[in-house]
Amino acid sequence: MLVGCGLPRDAAGTLDRVRNGIVRVGAAENKPWTVDGGDRFEGVEGQLVTAIAGTVGARVQWVRMPEFELVDALHRRQLDIVIAGFHDKLPWATEIAFTRPYFTGDDGKARVLAVPAGENAWLLHVDREIERRKSDLRAALLRKPS
Amino acid sequence: MSSFTFPAEQHQAREQARRYAWRSIVLIGATGVVLYLVTGQSQTMKTAWVTDVLSMVPSVALLVAARYELKPPTRHYPFGHFRAMSICFLLTATILLCMGVWLFMEALLKLIHAERPAIGAIVLFGRPVWLGWAMIGALALSLFVGMYCGRIKQPVAKTLQSKALEADSATHRNEWLSEGAGILGILLVAFGWWWADAAAAALISLEIVHEGTQNLRQVIGDLMDEAPSKLGSRELEDLPKRVEDAVRRLPWVQAARVRLREQGHVISGDVFVVPRPGTDLVGAIAADLGGVRSVDWRLHELTMTPVASLEAAETGRPR
């Protein structure tokens, strides 16, 4: 998808690097949002991140880690995106960047993914893909009891 | 002592100042809401937002002080309530200075820790747009509102010879500096220069510190009974000289010396006179004090003290 006149740009060029390449997805199991399926992650976030990788023609490389290590690795830009059933009230907002929420449940928690801070073109791309799929995701999540 | 009344022109300007204060509170408040909605994780936007809210404070202070300054003297405050304006002004200058320092430290820490600003999408009219563009729009709005508020207040400050209002107007007029720095900062972030966010925030906070220091210096002069000085500068007015001349022209006065101080919007002070022998002092002072006061509308509480020689009034003589 074309982003205006090429702005904003990433501080470290994530979007350009992942395009037609590899997206390093950090993941920790957190049912029902993320479900460890062995060779890949399922659950709504697993499917969402696979779809987003598809929009830039990228292959997913899954990286399995405990949650706090994911945040640290993302902060050091060793990962491109993290799925762990995060919600936007977690206190890491200054170290990593939360995306726009893809779903807000009855508990009032807005579910988000996370990308490295400062990678604003990449963040904007992910945000747009989330906005595009939001209503489908919501319908799917409300259909199956969690 | 009778209570003070402003001349017609100044009374009108004072009413206008109050209307403009309300108008800027409403405008700046609305801008503040817009800025807050698009702040996200940007330090620049946070600083711009705080600046915006702070620029409302002098208007609030003016409205509060205007309620008190013309209250007639009471048993507790026999000299009236004119200093209310200075006190409000002292408060706002201190707040400005403290917030400026705090925001500067915060921006510096962000730079040191290399915290990168995350600016993603915002949904406007059903379409996701980059939040950075919305930030630039909000900053531009804030810039125009600031310039407008500064411009309408300037002539009123001049008519009222009000330092508080002049400083307030100057703060508004200088806002283009901070908003401009903010817009530049966000633009640089758009080009991938993450440090520009905190750097712009640091610049804006330095501007707040500057405004605070400037205002503080002025109000301290006021509270230290500084002689009347020209609006927006440290240069002294020639008003004491003009009052002195007016007194010397009185037929019963041999020599005279005057000292004046500013108290918020009004000026008070002492006139020391050496009368010619045989003057009916009480009658002469009662007859002529009003005329001396009419030299400038701001003169209030002028006391005339007969002395044997000007050396006896030497305590009041500036060196």
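In what follows, every chain begins at residue 1, and chains take the letters A, B, ... in the order their sequences are listed.
Remark: B/Lys158 NZ is loosely packed, at most 12 non-hydrogen atoms of other residues, nucleotides or ligands lying under 6.0 Å away. The environment of B/Arg127 atom CZ is sparse: at most 12 non-hydrogen atoms of other residues, nucleotides or ligands sit within 6.0 angstrom. Counting heavy atoms of neighbouring residues, nucleotides and ligands inside a 6.0 Å radius, atom CH2 of A/Trp92 exceeds 12 of them.
Contact record, B/Ile119 with A/Asn120: N-OD1, 2.8 Å, taken as the closest heavy-atom pair. Closest approach of B/Trp130 to A/Arg128, counting heavy atoms only: N-NH2, 4.5 Å.
Chain B forms more heavy-atom pairs under 4.5 Å with one residue of A/Arg100, A/Glu119, A/His75, A/Glu131 than with any other, namely A/Arg100.
Remark: side-chain polar atoms of A/Asp127 are not paired, donor with acceptor, to backbone N or O of B/Gly120 under 3.5 angstrom.
The CZ atom of B/Arg116 sits 14.5 Å away from atom CD1 of A/Ile96, with the distance rounded to the nearest 0.5 Å.
At a 4.5 Å heavy-atom cutoff, B/Trp193 makes no contact with chain A through either its backbone or its side chain.
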